[in-house]
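Below you'll find the structure, written out as structure tokens, and then a few comments.
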Amino acid sequence: MVVVDSYSARSAAVIAGLDAALVGKLAVHLDALRRARRQVWVAGNGGSAANASHLTAHLQEAGLRAHDLTADQAMLTAMANDHGYERALMLVLRKLASPGQALIVLSGSGDSSNVVLALAEAGRLGMLRLGLLGMGGGMAARMCDLALVVDSSEYGP
């Protein structure tokens, strides 16, 4: 039980440390995207890709036109094979996204090159860039229009 209690306490501290005003701004952006019927693209790397997929399902349940950039494995792996893994998300986004849409990235570090390049492409396309980030937010935090950075150096909490 000591391990569970310790993890629960660390997770509760992370949640308590979230900036409520920033969470509210994120909700306002998402509601505006929902009302405007704008497409929302969601991406992550590794474990964050799994979380992005899960988030996509919840965004869809909330009425947003959300799509997981890593869901089309054939396209993603073709882009990675032909152009390099770090460019794969960016190239999928380039093929599918349009100005006025949004990209939400999830990243533990905020420094994964594929996520950073996707954010750069989203900026070039005139998309809203939102981040759910950890460990200081890394480069991604500086590239997002709004970044919610979790104050933890642990991925779990």
Side-chain angles (χ1 to χ4, degrees), residues 7 10-11 14-15 17-19 22-23 25-34 38-157:
Y7 184 80
R10 291 191 319 274
S11 296
V14 166
I15 292 168
L18 291 175
D19 183 335
L22 204 53
V23 173
K25 288 178 184 178
L26 179 62
V28 167
H29 280 299
L30 292 173
D31 187 54
L33 290 161
R34 182 192 56 80
R38 299 281 185 180
Q39 181 71 44
V40 177
W41 301 95
V42 187
N45 187 51
S48 294
N51 289 336
S53 179
H54 191 106
L55 175 61
T56 299
H58 286 295
L59 293 174
Q60 290 170 346
E61 289 173 359
L64 281 99
R65 296 178 62 216
H67 183 77
D68 176 4
L69 272 176
T70 64
D72 186 340
Q73 293 176 3
M75 181 182 285
L76 183 66
T77 57
M79 292 296 113
N81 182 64
D82 295 347
H83 305 284
Y85 183 75
E86 66 282 349
R87 295 172 43 90
L89 291 175
M90 173 193 75
L91 294 171
V92 174
L93 193 66
R94 183 178 290 170
K95 289 181 178 298
L96 300 175
S98 301
Q101 297 179 348
L103 172 64
I104 301 173
V105 297
L106 286 77
S107 178
S109 69
D111 286 325
S112 298
S113 58
N114 59 344
V115 170
V116 168
L117 289 173
L119 282 167
E121 183 66 15
R124 191 188 69 74
L125 289 170
M127 299 173 69
L128 177 65
R129 296 171 294 177
L130 305 172
L132 303 175
L133 311 166
M135 301 178 201
M139 188 178 295
R142 295 184 295 277
M143 298 175 75
C144 288
D145 299 300
L146 185 147
L148 182 60
V149 180
V150 175
D151 185 23
S152 178
S153 60
E154 290 182 86
Y155 185 80

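For the pair A88 and L76, the tightest heavy-atom approach, listed with the atom from each and the gap, is CB-CD1, 3.7 Å. Between A66 and L59, the shortest heavy-atom contact is CB-CB, 3.7 Å. Residues C144 and L119 come closest through the heavy atom pair SG-CD2, 4.0 Å. L64 approaches L30 most closely through the heavy-atom pair CD2-O, 3.6 Å. Heavy atoms only, all atoms of each residue included: S107 and S48 are closest at CA-OG, 3.6 Å. Among all heavy-atom pairs drawn from V149 and G137, the shortest one is CG1-N, 3.6 Å.
Under the side-chain hydrogen bond (donor to acceptor under 3.5 Å, both in side chains) criterion, N51 pairs with Y155, not counting sequence neighbours. Scanning for side chain to side chain contact (heavy atoms under 4.5 Å, CB included) contacts around A118 gives L89, L103, with sequence neighbours left out. R129 is linked by a salt bridge (Lys or Arg N to Asp or Glu O under 4.0 Å) to D145, counting only residues two or more places apart in sequence or in another chain.
Rounding to the nearest 0.5 Å gives a distance of 10.0 Å between CD of Q39 and CG of L33. Note: T56 OG1 to L106 CG = 8.5 Å, rounded to the nearest 0.5 Å. With values rounded to the nearest 0.5 angstrom, L96 atom CG is found 11.0 Å from L91 atom CG. With rounding to the nearest 0.5 Å, the separation of CG in L26 from CG in D31 is 11.5 Å. Within the model, atoms CD of Q60 and CG of D68 stand 9.0 Å from one another, a figure rounded to the nearest 0.5 Å. Expressed to the nearest 0.5 Å, how far CE of M75 lies from NZ of K95 amounts to 6.5 Å.
Within the 4.5 Å cutoff, the side chain of L117 has no heavy atoms near those of the E121 side chain. The shortest distance between side-chain heavy atoms of D72 and V92 does not fall below 4.5 Å.
Sorted by first and then second residue, the ring pair (Phe, Tyr, Trp, His ring centres under 6.0 Å) pairs involving residues 105-150 (not counting sequence neighbours) form an empty list. Counting only residues at least two apart or in different chains, ring pair (Phe, Tyr, Trp, His ring centres under 6.0 Å) contacts with residues 91-111 are absent. Listed by first and then second residue, the ring pair (Phe, Tyr, Trp, His ring centres under 6.0 Å) pairs involving residues 38-76 are W41-H67, H54-H58 (not counting sequence neighbours).
Formation of a donor-acceptor pair under 3.5 Å by the S109 side chain with backbone atoms of D111 is found in this model. Here the side chain of Q101 pairs no donor or acceptor atom with the backbone of M127 at under 3.5 angstrom.
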- request: Would you please test L133 and V105 for side chain to side chain contact (heavy atoms under 4.5 Å, CB included) and show each step?
  value: CA-CA 8 Å; L133 311 166; V105 297; 4.3 Å; yes

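Residue M135 qualifies as enclosed at atom CE: its count of foreign heavy atoms under 6.0 Å is above 12. Within 6.0 Å of the CD atom in E61, the count of heavy atoms belonging to other residues, nucleotides or ligands exceeds 12.
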